[in-house]
Amino acid sequence: MRIDIITIFPAFFDALDISLLGKARQTGLIDLQVHDLRDHTHDRHRTVDDTPYGGGAGMVMKPEPWGDALDAVLPQATDAAAGPAVDGPLVIFPSPAGVRFDQAMARELAAEEHLVFGCGRYEGIDQRVVDHYAARTRVRLVSLGDYVLNGGEVAVMAMIEAVGRLIPGVVGNPESLVEESHENGLLEYPSYTKPASWRDLEVPPVLLSGNHGAIAAWRHDQQLERTRRVRPDLLPEANAENTHSTRG
Ligand SMILES: NC(=O)c1ccno1
């Protein structure tokens with residue numbers, strides 16, 4: 001997979017040189033490039049923002065640097081009349097106004113060949129950038145959750161971590177990806193390791209029993225209990241009820 005990140009804070013992504021993602025970059029599993037938006041400015045101050053039309057607080061990111069930066073990482077525009085390329089790169093702009101990122105989207109993105117992440121700052125990027133590229137390739141605004149960050153960089157780090165670990169070969173043991181929270185729609189069960197007793201707290205005896213059937217059943221029960229307690233909205237019956245209510 002190829003990943004391009006456009007940002008005014010390239011150093012933010014130095015952490016992608018370490019751990020599993022760093023190894024995936026070294027082995028060529030992931031070709032990840034970070035681009036400084038200011039390299040696509042042409043004035044002495046390397047200006048990337050200006051005051052908003054219509055007034056209001058804050059600054060808006062100018063379209064010209066974004067146009068130059070995105071043109072540099074996207075395939076040359078084909079016939080505009082043909083509409084957005086369905087097999088081209090997917091351009092993602094993190095935004096609180098975007099669709100919610102979740103494990104299903106992480107799996108979807110892990111199947112892409114080329115992702116381009118545009119990190120907005122200030123009050124955001126001039127809307128014409130989104131509109132222009134949506135006519136040329138697939139563009140998606142994606143939100144980590146219902147809160148506001150100072151920019152897209154933290155959201156991109158989280159998405160790249162969630163997506164990168166699903167790419168075959170990145171995580172040593174693919175089995176470890178199976179019984180995780182949200183993989184089967186439930187939260188994961190609690191985990192324990194040696195010692196069997198720690199500060200008068202014991203490992204659940206079933207886990208020491210060697211009875212694999214009983215262990216599997218206990219773990220599933222734990223998933224259900226934890227999901228009911230922490231995230232009842234994830235339970236199938238909650239979704240079935242919602243489906244019914246949305247039909248009116
Ligand atoms: N909630 C978000 O994903 C976000 C991205 C940028 N600011 O907030």
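Just so you know, ligand 1 is whichever comes first in the structure, and atom 1 is the first atom listed for that ligand. Basis for what follows: all heavy atoms, side chains included, without hydrogens, waters or symmetry-related copies.
- Listed by chain and residue number, the protein contacts of ligand 1 are P94, S95, P96, S143, L144, G145, Y147, V148, L149, G151 (heavy atom within 4.0 angstrom).
- Within 6.0 Å of CD in E112 there are more than 12 heavy atoms belonging to other residues, nucleotides or ligands.
- At a threshold of 4.0 Å, the pair D126-R128 counts as salt-bridged, since one of the basic side-chain nitrogens sits closer than that to a carboxylate oxygen.
- With hydrogens and angles left out, the side-chain atoms of H40 and D71 include no donor and acceptor closer than 3.5 Å.
- Residue E113 qualifies as open at atom CD: its count of foreign heavy atoms under 6.0 Å is 12 or below.
- Taking 4.5 Å as the limit, some side-chain heavy atom of Q222 sits within range of a side-chain heavy atom of P190.
- Counting only N and O atoms by type, the side chains of Q33 and D31 include a donor and acceptor under 3.5 Å apart.
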